[in-house]
Amino acid sequence: MATIVRTRFAPSPTGFMHIGNARTALFAYLYARHCRGRFILRIEDTDQERLVDGAEAAIYRDLKWLGLEWDEGPDVGGPVGPYRCSERYHLYEDHIKRIRKNARVYRCFCSPGQLDQDRKLLSSQNKVIKYVGRCLSISEADSESRAKTDKFVWRMHVPESGESIAIQDKIRGEVKMTPDIIGDFIISRSTGIPVFLFANAVDDAVMEITHVTRGEDHLSNTFRQVLIFRALGYPEPVFAHLPMIGDTDGGKFSKRAGSLSIENLKDEGFIAEGIINYMALLGWSPGDTSETGEKFSKEELVDRFDLDRVHKSRALFDYNKLRFLNQTHLQNRSPEDLAKLVPPSNPKWSGIWKDAVALIQHDISTLNEIHKIESFLEQPDFDSSPMAADVLRTDQNRKIISQGLVSIKEKISSGSSIEEALKDGIKKVGKDLSVKGKELYFPFRMALTGKDAGPELNPLAKLIGSEAVVARLERAVEFGSQTH
RNA sequence: GACCCCUUCGUCUAGCCCGGUCCAGGACACCAGGUUUUCAUCCUGGUAACAGGGGUUCAAAUCCCCUAGGGGUCGCCA
């Protein structure tokens, strides 16, 4: 029986999903799909105090929006469920019992305050900070009787003299740690609920996760989890500790994590294809891209992705590159599609909206920028634009525009389309007054749009129609003469 | 403080395992030129990096050692 690759994404519902979480999910997803394996979603809600209302729903929403569909999870079920840790307590209890038989596990009655003092003392002496072992020597009989009245946690003992513990990491290779600095660690709280370290290891084992992909921040704790796997007699999974993502400002990523949440990015007008493409390139490389470019669809990523090519060092988030990649994916979409996704602010534009969107589709990096086209659909407001005044009030430009207007009107009345009329009209003034290039075109752009940048003029003219074109030019001439 | 991980253009990275083809390639950003009779799009070109120091070798971005810097962990958080 060939073992099927099983990866999981195991977020805790304590807040929004930021780009770091999402990238972890993406890598687990891509690897599973690449290997034709299974991608599992597990909600780690063992810390009831930190649960945030709606956070679990947000996880589903964001993953779905990104297109990272899971094969097993709390909502869809699966063969090794339930997939919510809070519904698996009976399983953890069984495993606590089991580990008591297989390993040195003991009750610890130390209070949190006591433990805190211990750590401070150790720290002031520049010693390794770990549990001092105060409760290790309590006899089984004493332990049993104290347990009836006192609060206690379960600790797993780590012999100091043991061999160094090695883990196999798919990204970092073999990583070793000597056991004398690990210390006896808590596996179950005084409430009876296991800590993350334990529940997470048990779940990964029972759910037969073959590849544990997670952030590098878990690397140090992995050694304890390996001890748990061994004591329980479960095979160890392959670990893949992903590099962290840092902030461009050099500051801590978490400080700006809010603005880098998936929800926020979506609100800013980024599309799933763009975000997926960008995240894949953060910490992973497809190799030589000089032939292929860096634009990849999710399917192409599934095809190429492998944990072997994940980087070891952390990557800094680069907003510019996200925008660029988002733009390339935006250019791929049909104008109809985009028009539907981003409706016009004013329903009166519904009829021409698709064509309007087509006009700026290639100039935008986010969906929200589509609305920029709306300002070109209205008569420009010259009065509030110093630049328009500068341009339209020169003698030469007034002449250019008014002569052009005459030609354009003639063309229209002789049956030309507005595009043709505008094009030929401008050409004619250019010839008559022998001006060309920017000198010729800029006055018309300003007269028609009131701006120095925007979509191509001829298609825009077609979009707004001949009446609007004439009206705008007339208004421009009038405005240009006001102070003369 | 201890331990673990990391270190190629400003940023993401290729190359590193299997030393020579690398006075280090691509992409974003930036700058310049071209196309579009403006801007943007698009095309072409340019600036820009092997953290530092020792070794090994005919030859090192690539192998070894040290130093420095960055990150992570050390919680009845995950």
Side-chain angles (χ1 to χ4, degrees), chain A residues 10-12 14 44-47 49-50 108 110-112 115-116 119 122-131 151-155 169 171-173 175-178 180-183 185-197 199-200 214-223 241 243-244 246 248 250 252-253 278 281-295 309 311-325 327 331 360-364 423 426-427 430 435-446 449 451-457:
Chain A
S12 61
T14 52
E44 305 225 325
D45 53 353
T46 51
D47 184 5
E49 286 178 22
R50 286 181 52 202
C108 172
C110 300
S111 70
L115 294 172
D116 201 43
R119 280 189 287 266
L122 253 15
S123 175
S124 70
Q125 295 171 150
N126 282 347
K127 284 183 180 166
V128 174
I129 299 167
K130 61 177 185 179
Y131 180 57
K151 281 193 168 184
F152 66 89
V153 299
W154 287 105
R155 273 186 196 276
D169 192 283
I171 294 164
R172 281 150 225 282
V175 185
K176 288 187 197 168
M177 173 87 92
T178 51
D180 54 307
I181 55 164
I182 292 180
F185 56 92
I186 294 172
I187 56 176
S188 179
R189 302 180 176 108
S190 56
T191 55
I193 297 173
V195 297
F196 157 81
L197 208 66
N200 180 263
R214 47 161 50 154
E216 195 192 345
D217 47 338
H218 291 282
L219 185 56
S220 301
N221 284 141
T222 305
F223 298 97
H241 287 95
M244 308 294 279
T248 324
K252 296 278 185 191
F253 178 72
Y278 177 68
L281 261 21
L282 256 190
W284 170 80
S285 163
D288 184 8
T289 55
S290 53
E291 299 293 323
T292 60
E294 291 188 336
K295 179 185 175 188
R309 293 197 63 90
H311 241 240
K312 292 175 183 168
S313 52
R314 76 160 189 172
L316 265 34
F317 181 83
D318 183 1
Y319 200 72
N320 274 330
K321 191 144 187 180
L322 204 214
R323 284 177 63 85
F324 169 78
L325 254 9
Q327 178 169 353
Q331 289 175 345
I360 48 152
Q361 171 171 16
H362 291 268
D363 306 343
I364 54 168
K423 196 170 131 196
I426 292 177
K427 244 182 208 170
V435 285
K436 56 181 178 177
K438 186 170 185 170
E439 230 182 311
L440 168 67
Y441 226 70
F442 200 67
F444 283 102
R445 168 167 294 281
M446 194 53 75
T449 70
K451 294 181 176 59
D452 62 344
E456 281 185 72
L457 253 25

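Protein chains get the first letters and strands the later ones, always in sequence-line order, with residue 1 at the start of each.
Nucleotides B:C16 and B:C63, compared at atom C1', are 10 Å apart to the nearest Å. Taking atom C1' in both B:G15 and B:A60, one finds a spacing of 13 Å when rounded to whole Å. The gap from the C1' atom of B:A61 to that of B:U41 amounts to 38 Å, rounded to the nearest Å. With P as the reference atom, B:U56 and B:C5 are 27 Å apart, rounded to whole Å. Comparing the same atom, C1', in B:G52 and in B:C28 gives a spacing of 29 Å after rounding to whole Å.
Taking side-chain N and O atoms only, A:Arg309 has a distance below 4.0 Å to OP1 or OP2 of B:G15. One finds a side-chain N or O of A:Arg189 lying less than 4.0 angstrom from the OP1 or OP2 phosphate oxygen of B:A78. Regarding contacts with the backbone of B:G72, every side-chain N or O of A:His241 stays at 4.0 angstrom or more from both OP1 and OP2.
Residue contacts for A:Phe324: at a heavy-atom cut-off of 4.0 Å it reaches the sugar-phosphate backbone alone, with no base atom in range. Contacts of A:Lys130 with the nucleic acid, taken as non-hydrogen atoms under 4.0 Å apart, are absent. As judged by a 4.0 angstrom heavy-atom cut-off over every strand, A:Pro443 is placed among residues making no nucleic acid contact. As judged by a 4.0 angstrom heavy-atom cut-off over every strand, A:Asn221 is placed among the base-contacting residues. No engagement by A:Gln361 is indicated, since no non-hydrogen atom pair under 4.0 Å with the nucleic acid exists. Among the atoms of the strands shown, base atoms are found under 4.0 Å from some heavy atom of A:Val153. Within the 4.0 angstrom heavy-atom criterion, only backbone atoms of the sugar-phosphate kind lie near A:Thr46; the bases stay farther away. Backbone-only contact: A:Ser290 has heavy atoms under 4.0 Å from sugar-phosphate atoms and none from a base. Within the nucleic acid shown, A:Lys127 has no heavy atom closer than 4.0 Å to any nucleic acid atom. Within 4.0 Å (heavy atoms only), A:Glu294 reaches at least one base atom of the nucleic acid. Across all strands shown, A:His218 has heavy atoms under 4.0 Å from base atoms, whether or not it also approaches the sugar-phosphate. At the heavy-atom level, A:Gly283 lies under 4.0 Å from the strands shown only through sugar-phosphate atoms.
Residue A:Arg119 contributes atom CZ, which lies 9 Å from atom C1' of B:C74 at whole-angstrom precision. Here the C1' atom of nucleotide B:A78 and the CZ atom of A:Phe185 are 16 Å apart, to the nearest Å. Going from atom CZ of A:Arg323 over to atom P of B:U41 covers 11 Å, rounded to whole Å. As a whole-Å value, the separation of A:Phe196 CZ from B:U73 P is 12 Å. Following rounding to the nearest Å, A:Asp217 (CG) and B:C74 (C1') show an atom-to-atom distance of 13 Å. The nearest whole Å value for the distance from the CD1 atom in A:Ile129 to the P atom in B:U73 is 14 Å. Between A:Leu440 atom CG and B:U36 atom P the separation is 14 Å, expressed in whole Å. At whole-Å resolution of the value, CG in A:Leu316 and P in B:A29 are 17 Å apart.
With sequence neighbours excluded, the residues that form a ring pair (Phe, Tyr, Trp, His ring centres under 6.0 Å) with A:Tyr278 are A:Phe317. Applying the side chain to side chain contact (heavy atoms under 4.5 Å, CB included) rule to A:Phe152 yields the partners A:Arg107, A:Phe109, A:Ala147, A:Trp154; only residues at least two apart in sequence or on another chain are considered.
For the 3.5 Å distance criterion, the side chains of A:Ser285 and A:His311 fail to qualify, holding no donor opposite an acceptor.
Mapped onto RNA chain B by nearest heavy atom, A:Tyr441 and A:Pro243 fall at different nucleotides, with A:Pro243 at the one closer to the 5' end. When each of A:Gly454 and A:Ile182 is assigned the nucleotide of RNA chain B with its nearest heavy atom, A:Gly454 is the one assigned upstream, toward the 5' end.
Each of B:C4, B:A14, B:C28 was ranked by its minimum atom distance to the side chain of A:Val175; first place goes to B:C4. Closest approach to the A:Arg50 side chain among B:A2, B:U13, B:C77 is made by B:C77 (side chain taken as heavy atoms from C-beta onward). Checking B:A2, B:G26, B:A78 against every side-chain atom of A:Ile181, the shortest atom distance belongs to B:A2. Each of B:C5, B:C76, B:U7 was ranked by its minimum atom distance to the side chain of A:Glu216; first place goes to B:C5. Among the nucleotides B:G71, B:A40, B:U73, the one closest to the side chain of A:Met244 is B:G71. Relative to the side chain of A:Glu456, the nucleotides B:C39, B:C76, B:C4 differ in distance, and B:C39 lies closest.
Heavy atoms from other residues, nucleotides or ligands lying under 6.0 Å from NZ of A:Lys423 number 12 at most. By the neighbour-count criterion of 12 heavy atoms within 6.0 Å, atom NZ of A:Lys451 is densely surrounded, having more than that number from other residues, nucleotides or ligands.
Remark: the A:Ser190 side chain and the B:C76 base include a donor-acceptor N/O pair separated by less than 3.5 Å. Side-chain atoms of A:Lys321 and base atoms of B:A27 include a donor and an acceptor less than 3.5 Å apart. The base of B:C5 is not paired with the side chain of A:Arg172 by any donor and acceptor separated by under 3.5 Å.
The OG1 atom of A:Thr289 lies 8.0 Å from the CG atom of A:Leu281; values are rounded to the nearest 0.5 Å.
A salt bridge links A:Glu216 with A:Arg172: the distance from a Lys NZ or Arg NE/NH1/NH2 to an Asp or Glu carboxylate oxygen falls below 4.0 Å.
For the pair A:Arg155 and A:Phe185, the NZ or CZ position fails the cation-pi test of under 6.0 Å to the six-membered ring centre and within 45 degrees of the ring normal.
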